[in-house]
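These notes are about the structure you will find just below.
The structure presented is a predicted model; accordingly, all values stated were derived computationally and were not measured.
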Amino acid sequence: MNIIKIYGLGAGDLDQLSLGVYKELTSQSGVIYARTLDHPVISELQNEGLTFESFDETYEAFDQFDDVYKAIVTGLVTAANDQDVTYVVPGHPMLAERTVQLLLDREDVNVEIKGGQSYLDDLFNSLHIDPIEGFQFIDATSFERSELQLRNHLVFCQVYDAMMASEVKLVLLEDLPADYEVTIVSAAGSKEEKLVTVPLEELDRAVDLNNLTSVYIPPAEKGQLNHQFFRLREVIRDLRGPGGCPWDQKQTHESLRKYLIEEAYEFIDAVHRKDDDHMVEELGDVLLQVMLHSQIGEDDGFFSVDDVIQSVTDKMIRRHPHVFGDVHVEDSDDVLSNWDDIKKREKGGAPNSLLDGVPASFPALLQAEDLQKKAAKVGFDWDDVELVLAKVEEEWQEFLEAKKNQDTEEMEKEFGDWLFAIANAARHYKINGETALQRTNQKFRDRFSSMETQASKVDRDLADYSLEELEQLWVHAKQEKEDNKE
């Protein structure tokens with residue numbers, strides 16, 4: 001089995017090449033393979049008579065970098081079938097060099113790393129930074145925003161053209177302001193070294209970029225990252241901690257219960273209004289309640305927000321095997337059926353009652369609908385909507401009978417039965433009772449508000465109107481709404 005010997009060319013000119021590597025390369029009699037010819041050392045070695053064969057054209061043949069690197073490795077392994085191969089790469093072979101890692105994973109070829117100089121030492125020196133403070137080295141050709149640790153010193157390598165710089169810029173602008181200063185470093189440590197500091201928004205049009213270019217992002221201040229989860233967690237911890245807020249410190253799971261319900265309903269109000277700005281605000285208030293409960297759990301030593309996040313993440317993966325596994329589904333009905341089956345297995349089989357899954361703290365109308373849905377799954381349901389409507393009429397007559405008898409308690413019971421039957425009728429017509437009633441409530445709000453406006457125009461108070469006059473205002477408000485529709 002032949003050998004592929006890999007040499008690093010350093011980050012700049014020939015002066016950065018170690019004497020040992022220089023001697024070995026200049027002693028080569030055959031062709032030397034290079035990932036790219038775009039490196040100052042190669043042009044200098046060519047002047048000394050060395051012959052190079054590059055893979056530059058491979059970059060043009062593929063859309064994805066990973067495919068490029070795999071093709072380069074295939075070419076090198078094929079060449080090594082006949083003889084030993086010398087392969088040179090920019091920098092150090094073991095630093096941000098994907099082709100080397102792919103070669104090391106191969107079992108059909110021997111690989112020898114023969115050395116080279118990493119540019120990181122020169123980079124740290126040029127930027128005057130100490131990596132022990134926190135440092136992250138990122139390949140600009142392959143990274144995710146979620147990977148970035150913006151509180152650390154951040155260096156992007158392989159920012160070799162404006163398109164790559166633009167991609168880096170657009171990702172960073174998701175978290176940092178447009179005027180955030182970044183430094184473009186080229187040929188670190190060589191006599192061609194150049195450092196240019198520019199606003200982030202100018203990154204892809206400030207200077208010429210090449211294979212020796214890196215981009216340095218200095219650590220961000222906490223206050224610039226208030227949109228990130230770690231900051232919210234820190235703020236809640238500080239509010240509950242020593243020297244924090246007395247109100248937050250004394251809260252318990254029990255004392256906060258009403259706020260979670262209130263914030264959820266305020267978000268639903270924003271949804272009804274299609275008010276995106278208030279949706280953001282109200283969702284933040286809901287999240288605040290989740291964080292407060294999680295911090296209380298952590299303070300008490302029972303659970304933390306990490307447990308909350310892991311619980312819901314694991315649950316979503318388990319209950320979506322059609323996404324994260326090999327289960328096939330035809331439609332959303334299959335998804336719901338799988339969900340219920342998986343939920344039963346998680347709970348150790350069937351619950352004591354099919355209705356146990358409907359929280360008793362649900363709003364009454366929503367609870368009625370869910371109870372009926374659960375019962376319908378085992379066939380306990382009317383199969384003809386006309387029978388449902390007859391039941392509505394029956395319950396109403398029973399209410400009137402209780403009213404006739406002046407039995408207040410029985411009236412309340414029968415009225416509840418009537419509402420339950422109404423909810424059932426809505427379900428059979430695939431109408432969400434909660435949504436329907438909310439629309440009616442909003443309609444009443446709008447019309448009553450119009451009545452108030454009409455009264456204010458003539459400096460009167462609604463309480464001064466007779467019932468007949470109020471009816472006229474109501475009719476006018478209703479007609480005004482109809483006219484606006486047109």
Side-chain angles (χ1 to χ4, degrees), residues 257-258 261-262 264-265 268-269 271-272 331-337 339-341 343-344 347 349-451 467-468 470-475 477-479 481-482 485:
R257 284 178 300 185
K258 66 174 182 177
I261 295 172
E262 288 175 3
Y265 277 119
I268 292 171
D269 281 346
V271 172
H272 289 324
D331 50 32
S332 60
D333 289 338
D334 283 353
V335 173
L336 293 176
S337 178
W339 179 283
D340 287 339
D341 290 341
K343 186 175 180 179
K344 287 178 183 177
K347 303 297 183 182
N352 293 331
S353 169
L354 185 65
L355 305 182
D356 286 348
V358 181
S361 56
F362 265 14
L365 188 56
L366 178 60
Q367 188 177 161
E369 183 177 339
D370 278 7
L371 289 171
Q372 292 162 4
K373 285 180 179 178
K374 293 284 187 182
K377 287 185 177 181
V378 295
F380 188 62
D381 193 13
W382 303 97
D383 56 8
D384 185 344
V385 71
E386 294 300 325
L387 297 176
V388 180
L389 297 178
K391 186 64 176 176
V392 171
E393 180 61 27
E394 176 188 326
E395 298 296 355
W396 179 245
Q397 292 302 321
E398 290 179 1
F399 167 76
L400 294 178
E401 183 66 25
K403 173 177 171 290
K404 180 179 178 181
N405 296 331
Q406 298 183 342
D407 188 337
T408 304
E409 183 176 352
E410 193 65 22
M411 285 173 62
E412 182 179 292
K413 291 179 181 179
E414 297 301 341
F415 195 81
D417 291 345
W418 179 67
L419 288 176
F420 193 83
I422 286 286
N424 200 14
R427 183 178 62 85
H428 274 267
Y429 282 110
K430 301 191 182 306
I431 295 171
N432 184 289
E434 187 74 20
T435 301
L437 186 54
Q438 286 285 5
R439 290 184 65 177
T440 298
N441 289 342
Q442 188 59 49
K443 181 168 60 178
F444 184 86
R445 284 175 183 268
D446 293 341
R447 292 180 183 175
F448 195 82
S449 176
S450 176
M451 292 169 62
L467 180 58
E468 183 178 352
L470 290 173
E471 286 286 353
Q472 291 174 353
L473 291 179
W474 178 265
V475 171
K478 183 177 180 181
Q479 185 59 49
K481 187 70 175 178
E482 292 299 321
K485 286 183 180 179

Response to the item:
For Glu369, the salt bridge (charged side-chain N to carboxylate O under 4.0 Å, His left out) test, sequence neighbours excluded, returns Lys373

Worksheet item: Which value, rounded to the nearest 0.5 Å, describes the distance between Arg439 atom CZ and Glu434 atom CD?
Response: 14.0 Å

Practice prompt. Tell me, please, which residues at least two apart from Lys443 pass salt bridge (charged side-chain N to carboxylate O under 4.0 Å, His left out).
Written response: none

Discussion item. If the condition is side-chain hydrogen bond (donor to acceptor under 3.5 Å, both in side chains), which residues does Gln438 pass it with, not counting sequence neighbours?
Written reply: none

Worksheet item: Quick one: does Leu419's side chain get under 4.5 Å of Leu365's, heavy atoms only?
Response: no

Response to the item:
Residue set satisfying side chain to side chain contact (heavy atoms under 4.5 Å, CB included) with Asp331, at least two apart, ordered chain then number -> Asp333, Asp334

Response to the item:
Hits for salt bridge (charged side-chain N to carboxylate O under 4.0 Å, His left out) against Lys374, two or more places apart or cross-chain, chain-then-number order -> none

Discussion item. Holding to side chain to side chain contact (heavy atoms under 4.5 Å, CB included), I want the full list of residues that pass it with Val271, two or more places apart in sequence or in another chain.
Written reply: Phe267, Met279

Worksheet item: If every non-hydrogen atom of Gln367 is compared with every non-hydrogen atom of Phe362, which pair is closest and at what distance?
Response: NE2-O, 3.2 Å

Worksheet item: What salt bridge (charged side-chain N to carboxylate O under 4.0 Å, His left out) pairs are there with at least one residue in residues 417-428, not counting sequence neighbours?
Response: Asp381-Arg427

Worksheet item: Excluding sequence neighbours, so at least two apart, what forms side chain to side chain contact (heavy atoms under 4.5 Å, CB included) with Phe448?
Response: Phe444, Met451, Glu452, Leu462

Fill in: Gap between atom OG of Ser450 and atom CD of Gln479 - 0.5 Å precision
11.5 Å

Worksheet item: Which distance, rounded to the nearest 0.5 Å, do you find between the NZ of Lys403 and the CD of Glu410?
Response: 15.0 Å

Extract all donor-acceptor atom pairs below 3.5 Å that involve side chains of residues 382-402 and protein atoms in other chains or at least two apart in sequence.
residue	atom	partner	partner atom	Å
Asp384	OD1	Glu386	N	2.9
Lys391	NZ	Glu394	OE2	3.3
Lys391	NZ	Glu395	OE2	3.3
Glu393	OE2	Gln397	NE2	2.7

Worksheet item: Roughly how far apart are Lys413 NZ and Asp407 CG, rounded to 0.5 Å?
Response: 8.0 Å

Worksheet, complete the sentence: Separation between CG (Leu437) and CG (Leu366), nearest 0.5 Å, reads 12.0 Å

Worksheet, complete the sentence: Sorted by chain and residue number, the side chain to side chain contact (heavy atoms under 4.5 Å, CB included) partners of Ile261 (sequence neighbours excluded) come out as Tyr265

Worksheet item: Partners of Thr435 by side-chain hydrogen bond (donor to acceptor under 3.5 Å, both in side chains), sequence neighbours excluded?
Response: Asn432

Practice prompt. Sort and list the pairs that fulfil ring pair (Phe, Tyr, Trp, His ring centres under 6.0 Å) and have at least one residue in residues 420-440, not counting sequence neighbours.
Written response: none

Discussion item. With rounding to the nearest 0.5 angstrom, report the OG to CD distance, Ser449 to Gln442.
Written reply: 9.5 Å

